[in-house]
> 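Sharing a structure, written as structure tokens. Questions coming.
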Amino acid sequence: EPEVTQTPSHQVTQMGQEVILRCVPISNHLYFYWYRQILGQKVEFLVSFYNNEISEKSEIFDDQFSVERPDGSNFTLKIRSTKLEDSAMYFCANSRDYTDTQYFGPGTRLTVL
Amino acid sequence: AQSVTQPDIHITVSEGASLELRCNYSYGATPYLFWYVQSPGQGLQLLLKYFSGDTLVQGIKGFEAEFKRSQSSFNLRKPSVHWSDAAEYFCAVGATLFVNNDMRFGAGTRLTVKP
């Protein structure tokens with residue numbers, strides 16, 4: 001089965017620091033997504049991305065967040081100035097097209113101290 | 001906007017017993033429905049999905065789900081649970097082809113399997 005990978009598996013940072021979470025998508029799967037899951041809560045959609053543009057974003061995805069494909073392969077989520085409430089599991093997902101199955105990575109656990 | 005409700009936060013079943021996890025959705029058009037499983041420390045793995053056609057959908061690991069439009073439900077079932085099925089299960093609804101493409105997840109149901 002196709003596999004999405006994410007690095008790091010766990011990131012610990014100080015409040016106010018910038019973090020970059022990385023995702024290696026499945027080859028030829030051109031639709032990208034980020035979700036987060038705060039401990040004990042439901043998985044929440046953050047953003048979808050296609051053709052080097054954000055397709056859609058939720059109200060969670062404010063100016064502190066940004067996404068890009070810096071080298072045309074990896075897909076990153078940047079949080080400019082982390083807050084305590086950004087502590088969560090962040091999942092990258094990837095699909096071949098926007099109606100196709102989304103394959104999820106194993107997640108990056110972000111801890112903001 | 002679409003939404004998903006999973007009424008059961010936690011379910012405990014004995015190994016070998018049957019299982020049904022409930023999912024109710026709210027969406028104005030034809031929904032795309034999914035069940036994902038999340039084992040501890042792991043990402044989400046797709047069990048099955050429904051877009052159209054036969055309302056009884058077969059998935060991996062012996063799971064199936066039935067789409068009932070009249071009840072706005074998409075319950076997940078398994079005839080005989082194995083200890084390895086203990087995990088968190090998420091129902092999700094996605095938009096149709098002509099709207100946006102984000103997904104909404106339910107809060108999850110944690111399954112505990114007793115020996």
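Chain identifiers are assigned alphabetically (A, B, ...) following the order of the sequence lines, protein sequences preceding nucleic acid strands; residue numbering begins at 1 within each chain. When reading the values below, keep in mind they use all heavy atoms of this one structure, side chains included, and skip hydrogens, waters and symmetry mates.
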> Chain A heavy atoms under 4.5 Å from B/Q38: which part of the residue, side chain, backbone, both or neither?
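Contact with chain A is through the side chain of B/Q38 alone.
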> In Å, rounded to the nearest 0.5 Å, how long is the span from CZ of B/F90 to NZ of A/K42?
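Separation between the atoms: 10.0 Å.
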> Count the heavy-atom pairs under 4.5 Å between each of A/Q37, A/M89, A/R109, A/Q6 and chain B, then report the option with the highest count.
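Answer, by heavy-atom pair count under 4.5 Å with chain B: A/Q37.
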> Between A/V47 and A/V43, is there a shared hydrophobic cluster once you connect ILVMFWY residues whose side-chain heavy atoms come closer than 4.5 Å?
no
> Taking B/L48 as the starting point, is it possible to reach B/Y50 by hopping between hydrophobic residues whose side chains are less than 4.5 Å apart?
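Yes.
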> Identify which one of A/F91, A/Y35, A/F104 satisfies the ring pair (Phe, Tyr, Trp, His ring centres under 6.0 Å) criterion when paired with B/Y36.
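Single pass found, and it is A/F104.
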> Taking atom CG of A/D62 as the centre, report whether more than 12 heavy atoms of other residues, nucleotides or ligands fall under 6.0 Å from it.
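Check passes, neighbour count above 12.
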> Is it the case that more than 12 heavy atoms not belonging to A/N28 sit under 6.0 Å from its CG atom?
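Atom CG in A/N28 is not crowded, with 12 or fewer foreign heavy atoms closer than 6.0 Å.
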> What residues of residues 106-115 of chain B sit under 4.5 Å from chain A when only non-hydrogen atoms are counted?
B/G106, B/A107
> Would you indicate whether A/L113, at its atom CG, is surrounded by more than 12 heavy atoms from other residues, nucleotides or ligands within a distance under 6.0 Å?
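Atom CG in A/L113 is crowded, with more than 12 foreign heavy atoms closer than 6.0 Å.
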> If hydrophobic clusters are built by linking Ile, Leu, Val, Met, Phe, Trp and Tyr wherever their side-chain heavy atoms come under 4.5 Å apart, do A/L21 and A/I60 end up in the same one?
yes
> Count the heavy atoms of every other residue, nucleotide or ligand shown that sit under 6.0 Å from CG of A/L84, and state whether that count exceeds 12.
yes
> Would you please indicate yes or no on a ring centroid separation below 6.0 angstrom for B/F105 and A/F45?
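Aromatic pair excluded; centres sit 6.0 Å or further apart.
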> Would you find more than 12 non-hydrogen atoms of other residues, nucleotides or ligands less than 6.0 Å from A/R96 atom CZ?
no
